[in-house]
Amino acid sequence: MKSFHLARAAVAALIGVALTHVPAHAEIKNYEFQLVQPTVKAGADRIVTVRLVDKSTGKSVSDAVIFSTRLDMAPDGMQEMATKVTPMPGTEPGTYRFKATFGMAGRWQLSLGAKVQGETGSVENKLVVTAEQ
């Protein structure tokens, strides 16, 4: 009976040690993309800048890997009207820039997918950019 209690105590100690050495990371749901400027002028080669933010700290997140981009007019019921999105270098840490042609005025949906370094899962957001004449 004494060995059973010792084994049980050893298992409890190992579990306790394992739990105290888990690195503290924010959950992937705590990250989101935010538009720096919600409007652009309609036309070719317009730049859209977004910021990736850790909502739990309010800080910008650098070095994310953007693996998916799409820009279309889904908010105005024209999701088939899509345009090419070209990644551009960011101008400050935690910002991500994209060049695209906004063929007409209206609401455009920028869909982004990204991996955050050290996190499991991916950040996926849909942002609405308004193109004006």
Side-chain angles (χ1 to χ4, degrees):
M1 193 57 116
K2 189 174 187 177
S3 63
F4 173 73
H5 289 296
L6 284 174
R8 195 170 169 190
V11 168
L14 287 173
I15 290 171
V17 169
L19 291 176
T20 59
H21 287 89
V22 174
H25 287 291
E27 292 186 35
I28 201 70
K29 67 180 181 183
N30 288 341
Y31 296 95
E32 73 176 0
F33 284 102
Q34 299 172 346
L35 288 168
V36 172
Q37 188 69 263
T39 60
V40 296
K41 289 278 188 193
D45 297 333
R46 302 299 183 207
I47 303 294
V48 176
T49 304
V50 298
R51 179 173 285 112
L52 180 58
V53 176
D54 179 343
K55 296 186 292 185
S56 63
T57 64
K59 294 183 180 178
S60 296
V61 178
S62 299
D63 301 325
V65 177
I66 310 262
F67 63 83
S68 173
T69 58
R70 179 175 167 85
L71 184 63
D72 60 39
M73 291 194 78
D76 286 343
M78 295 183 281
Q79 57 270 19
E80 67 280 350
M81 187 160 177
T83 189
K84 182 179 175 186
V85 179
T86 305
M88 305 291 290
T91 55
E92 56 187 77
T95 62
Y96 303 85
R97 295 171 10 126
F98 305 95
K99 181 169 63 171
T101 296
F102 291 83
M104 62 185 290
R107 294 178 301 156
W108 292 76
Q109 179 173 278
L110 177 62
S111 302
L112 298 170
K115 291 283 191 185
V116 176
Q117 303 297 320
E119 298 295 342
T120 303
S122 57
V123 179
E124 295 181 18
N125 287 129
K126 296 179 187 306
L127 307 169
V128 177
V129 180
T130 302
E132 301 174 334
Q133 290 290 30

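All figures in this text were calculated on a predicted structure; none of them were measured in a lab. Residue indices begin at 1 and follow the sequence shown.
Side-chain N or O atoms of R107 include one that pairs as donor or acceptor with a backbone N or O of P75 at under 3.5 Å. A distance-only check finds a donor-acceptor pair linking the side chain of S62 to the backbone of G94 [under 3.5 Å]. Between the side chain of R97 and the main chain of T49, no donor-acceptor pair closer than 3.5 Å is present. One N or O on the side chain of N125 and one on the backbone of F33 form a donor-acceptor pair closer than 3.5 Å. The backbone N or O of T101 lies less than 3.5 Å from a partner atom in the side chain of T83, making a donor-acceptor pair.
Checked options E124, E119, K55; the residue passing with Y31 is E119 (criterion: side-chain hydrogen bond (donor to acceptor under 3.5 Å, both in side chains)).
Residues I47 and V36 do not share a hydrophobic cluster, clusters being chains of Ile/Leu/Val/Met/Phe/Trp/Tyr side chains in contact below 4.5 Å. Under a hydrophobic-cluster definition in which Ile, Leu, Val, Met, Phe, Trp and Tyr are linked whenever side-chain heavy atoms come within less than 4.5 Å, directly or via other members, W108 and M78 are assigned to the same cluster. L35 is not connected to V53 by any chain of hydrophobic side-chain contacts under 4.5 Å among Ile, Leu, Val, Met, Phe, Trp and Tyr, and they are in different clusters. Connection of V48 to M104 is established within a shared hydrophobic cluster, with ILVMFWY side chains joined at heavy-atom distances below 4.5 Å, either directly or through further cluster members.
Under the side-chain hydrogen bond (donor to acceptor under 3.5 Å, both in side chains) criterion, Q79 pairs with no residue at all, not counting sequence neighbours.
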Pair L112-Y96, side chain to side chain contact (heavy atoms under 4.5 Å, CB included): steps then yes or no: CA-CA 11 Å; L112 298 170; Y96 303 85; over 6 Å; no
Is there a side chain to side chain contact (heavy atoms under 4.5 Å, CB included) between L71 and F98? Walk through the geometry before answering. CA-CA 10 Å; L71 184 63; F98 305 95; over 6 Å; no
With side chain to side chain contact (heavy atoms under 4.5 Å, CB included) as the test, would you mind laying out the steps for Q117 and V65 before giving the verdict? CA-CA 8 Å; Q117 303 297 320; V65 177; 3.4 Å; yes
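By the 4.5 Å heavy-atom criterion applied to side chains, I28 and V116 are counted as neighbours. At least one side-chain heavy atom of F102 sits less than 4.5 Å from a side-chain heavy atom of V129. Between M81 and D72, the closest side-chain pair of non-hydrogen atoms is not below 4.5 Å.
Q34 CD to L52 CG: the interatomic distance, rounded to the nearest 0.5 Å, is 9.0 Å. From M88, atom CE reaches atom OG1 of T95 across 12.0 Å, with rounding to the nearest 0.5 Å.
Look at D54 and K59 and you find no salt bridge, because none of the NZ, NE, NH1 or NH2 atoms lies under 4.0 Å from a carboxylate O.
Heavy-atom contacts from other residues, nucleotides or ligands closer than 6.0 Å to CD of Q133 number 12 or fewer.
Residue G106 comes nearest to M73 through the heavy atom pair CA-CE, 3.9 Å, listed as atom of the first residue, atom of the second, then distance.
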